[in-house]
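Chain A is the first sequence line, chain B the second, and so forth, proteins listed ahead of strands; every chain is numbered from 1.
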Amino acid sequence: MRIGEQPMEGVEKNQQPKVIENPTFEQKKQEQINISGLTEEKISDLDDTAEKIQNTGGNEFSRIEKEYQPSSELSAKYKKLFDRISVLCKEKVAKATRNLFIGVSMFFASGIAEGSVLEKPMGKAQEGVKIEELQNTTAKSGSEKIEIIQKGVEAYKERISELRDSAIENDHEEVMITSQKDGIFEFADGKEEDERLNFSFVPFNKIDEFIKNGAKKIEIIHTHPWSALPGYLYDKKIRDGKPIPMPPSVTDLTSLILELDYFKENNKLIENKVIDPTGEWTLKISDKNNYFIEKYIDLLNKVKNPDFFTLEEKEEYSKNADLMKNIHPEQRQYYMSHVREKMEKEFINEFSEKEGGNIYLENFVELNKLCMKITTYDEKRSKEETMSIINECIEKGKTIGIDISYKPFEN
Amino acid sequence: MDDQSQKEIKQKIEKIHQQCEEELLNLQKEQDLLISEFVAECEKEKIEKIRNNLE
């Protein structure tokens, strides 16, 4: 869920493609790796280099700490930065490892083309559950209910405050899902694992569960950590500077449409929020009949058609499936460039069907540019100027049927 | 696999390897800068402490 992503259907959030591999494929893959011989050697070499950097960082950090005994604040601040470099080292090696594998396999593509099958990537809609049936209230005595509601509201506020702290201090996204039923809150976390520091998945199954249990309102809340701001790691000025608003990313926006397509009428119950260090963003589809929303769903349906991608494209997709679930969506596009081109072409065609249809696509692109502008660190930009861009974003969102609002934290 | 194919695949592997090495090298440079920065900040804090004690 980061700025700068392009819509990549079929590889969104929890809807990970599953790969069915047959022994022939595995065998051939292994043969290819063995033939080159060089691949493992190179991976091991890169692993060594990365480990050396990580060790040096760790040792130097301990040495400096021991020698100077800095304050815990200073120590924690730099520990986080050293840790970040260590994680980036791992990511680079993982990327290269996969590239090496792809490089070798592509060379033998004809030999493995029929080896793997891509499962339908999209989830199944919960059509059987009707809102009316879900809205039965649970009877409770007055005072008991008030107490529970008050506790729930307090817990909710506390969780939001914790998410804000996380957006300031942590270098990974966090996800929380809340369900409200008769004023009673339920919470589900989606904390990231160590190896997935830059993005998060929304567990749709948890939302299904909340809906089935009669939720009247569900919030999907995730953080945009300050450390994910472009340039954070390399620019001390940003690290030491005051956080700026970090609006929803392209994936956050298109996810709203994926949710609508998945949850159908129950989507009315769902609201998405982004917590950044400065405030709270709320996102919701305001007009599901907006041309942009309708066309985007048409496009999703086209992609869901088993004939949309050729066998070779599916094959290429499958080869990357393991990687896809372990890397940030931004990087997925890099590995899926051939599919991306096809999708972009389809995207343009879809919106060109009607005269004036392109304007919706242009507005979507404009909206993303505005969001990126907000996250471009500019120390000279005043608060008022930032608010003015945010307002432009809000207005642009309306043109494509998406309601965006931003509420700064009071302190 | 003929010789030409072997050569091509080796070149591909070398290129990917080299690219990653460069990226790792850049990270190392960043880390070196971070080490100097950390030392400088610690020095600053140390001086501050001494000054406070003197006052």
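- Atom NZ of Lys80(A) sits in a crowded spot, with more than 12 heavy atoms from other residues, nucleotides or ligands closer than 6.0 Å.
- Most heavy-atom pairs under 4.5 Å with chain B: of the set Ala50(A), Ser75(A), Ser71(A), this distinction falls to Ser71(A).
- Interface remark: Lys15(B) contributes no atoms to any contact with chain A (heavy atom separation under 4.5 Å).
- Of the listed residues Lys46(B), Lys49(B), Glu41(B), the one with more heavy-atom pairs under 4.5 angstrom with chain A than any other is Glu41(B).
- Ranking Thr56(A), Leu74(A), Thr49(A) against chain B, the residue ahead of the rest is Leu74(A), based on heavy-atom pairs under 4.5 Å.
- Of the two parts of Ser86(A), neither the backbone nor the side chain holds a non-hydrogen atom closer than 4.5 Å to a non-hydrogen atom of chain B.
- For Lys79(A) and Asp83(A), the salt-bridge test passes: some basic side-chain N is under 4.0 Å from an acidic carboxylate O.
- Across Asp32(B), Leu24(B), Leu33(B), Leu25(B), the residue that shares the most heavy-atom pairs under 4.5 angstrom with chain A is Leu24(B).
- Most heavy-atom pairs under 4.5 Å with chain B, from the set Glu60(A), Glu65(A), Lys77(A): that is Glu60(A).
- Heavy-atom distances place the backbone of Gln69(A), and not its side chain, under 4.5 Å from chain B.
- Salt-bridge annotation for Glu37(B) and Arg239(A): present, with a side-chain N of the basic residue lying under 4.0 Å from a carboxylate O of the acidic one.
- The pair Glu379(A)-Lys242(A) fails the salt-bridge criterion, with no side-chain N (NZ, NE, NH1 or NH2) lying under 4.0 Å from an Asp/Glu carboxylate O.
- Counting only N and O atoms by type, the side chains of Glu174(A) and Thr223(A) include no donor and acceptor under 3.5 Å apart.
- Of all heavy-atom pairs between Cys89(A) and Leu27(B), the closest is N-CD1, 3.7 Å.
- Contact of Glu45(B) with chain A is made through the side chain alone, with heavy-atom distances under 4.5 Å.
- A salt bridge between Glu67(A) and Arg63(A) is present, with a side-chain N of the basic residue lying under 4.0 Å from a carboxylate O of the acidic one.
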